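Input: a single structure, listed below in structure tokens.
In what follows, residues are counted from 1 in the order of the sequence shown. These numbers were taken from a predicted model, which means no experiment stands behind them.
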Amino acid sequence: DQIRQNRLHFGLVFQNFNLFPQYTALENIMLAPSLLKKGTPAQIRETAMSLLGRVGLSHKADSYPYQLSGGQQQRVAIARALALQPTSALDPELTGEVLKVIRSLKGRDNTMVVVTHEMEFARSVADVVIYMADGVIEEFGTPEEVFGNPRSEKTRNFLQGAQNARDGMA
């Protein structure tokens with residue numbers, strides 16, 4: 001049915017990566033495009049290798065998830081999500097490696113939806129920020145608008161709580 005077909009075209013990166021342990025990094029990236037017949041096997045492999053290169057892991061193509069660090073697993077998951085295009089829903093851990101990968105992908109012909117509680121991460125990579133509370137959109141705008149001049153009291157309270165938490169950790 002159409003809903004199932006639409007769902008197959010979203011690339012997801014889960015917080016715990018959800019790589020298939022029985023497949024290599026390359027096979028994890030190739031799986032969905034192969035099932036959807038998104039090209040010949042050679043084209044799918046070439047695209048997967050290119051994506052591994054974009055996330056700095058060409059040398060890990062034949063490695064299994066257990067042989068990869070957490071950051072490397074997350075980058076494979078990002079490449080897997082990008083293999084389907086056009087959209088990626090990412091929920092990354094705030095690490096330097098992942099930030100660098102996402103920043104490098106920003107501006108390419110991709111639309112990324114990033115769901116995060118990490119405000120500094122959102123501020124640094126987003127073009128548009130939507131703040132939701134209790135299932136309701138409280139704020140919508142550029143990072144400058146949302147973080148610099150929030151209109152919603154819930155947004156102000158949340159941002160103040162995040163600032164207080166950062167100040168307490170410093």
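Nearest heavy-atom pair across Arg45 and Leu26 is NH1-CD2, 2.9 Å. Pro143 and Ala126 get closest at one heavy-atom pair: CG-O, 3.2 Å. Closest non-hydrogen pair, Ser69 versus Gln72, comes out as N-OE1, 2.9 Å. When all heavy atoms are compared, the tightest approach of Lys154 to Glu138 is CD-OE2, 3.6 Å. The minimum heavy-atom distance between Leu68 and Ser63, with the atom names listed, is CD2-CB, 3.7 Å. Gly141 and Val146 make their closest contact through N-CG2, 3.6 Å (heavy atoms, listed as atom of the first residue, atom of the second, distance).
Criterion: ILVMFWY side-chain heavy atoms under 4.5 Å apart, direct or through other members. Under it, Val128 and Ile137 are part of a common hydrophobic cluster. No path of Ile, Leu, Val, Met, Phe, Trp and Tyr side chains, each step under 4.5 Å between heavy atoms, connects Tyr64 with Leu19, placing them in separate hydrophobic clusters. Tracing side-chain contacts under 4.5 Å through hydrophobic residues (I, L, V, M, F, W, Y), one reaches Ile44 starting from Met49; they form part of the same cluster. Linking Ile, Leu, Val, Met, Phe, Trp and Tyr residues whenever their side-chain heavy atoms come within less than 4.5 Å leaves Val76 and Leu31 in two separate clusters.
Atom CD in Gln67 sits 9.5 Å away from atom CG in Asp62 (nearest 0.5 Å). The structure places CD of Glu144 at 11.5 Å from CG of Asn149, a figure rounded to the nearest 0.5 Å. Atom OG1 of residue Thr47 and atom NZ of residue Lys38 lie 11.5 Å apart, to the nearest 0.5 angstrom. Between the OG1 atom of Thr155 and the CD atom of Glu145 there is a distance of 12.5 Å, given to the nearest 0.5 Å. To the nearest 0.5 Å, atoms CZ (Arg151) and CZ (Arg156) are separated by 10.5 Å. Between the NZ atom in Lys60 and the CG atom in Leu52 there is a gap of 11.5 Å [rounded to 0.5 Å].
A donor-acceptor pair under 3.5 Å links the side-chain atoms of Gln73 to the main chain of Pro65, judged by distance alone. Glu139 places a side-chain N or O within donor-acceptor distance of the main-chain N or O of Ser152, the cut-off being under 3.5 Å. In this structure, Ser50 contributes its side chain and Glu46 its backbone to no donor-acceptor pair below 3.5 Å.
Ring geometry for Phe20 versus Tyr23: interplanar angle over 60°, hence perpendicular rather than tilted (30 to 60°).
Counting heavy-atom neighbours within 6.0 Å of Gln22 CD, excluding the residue itself, gives a total above 12.
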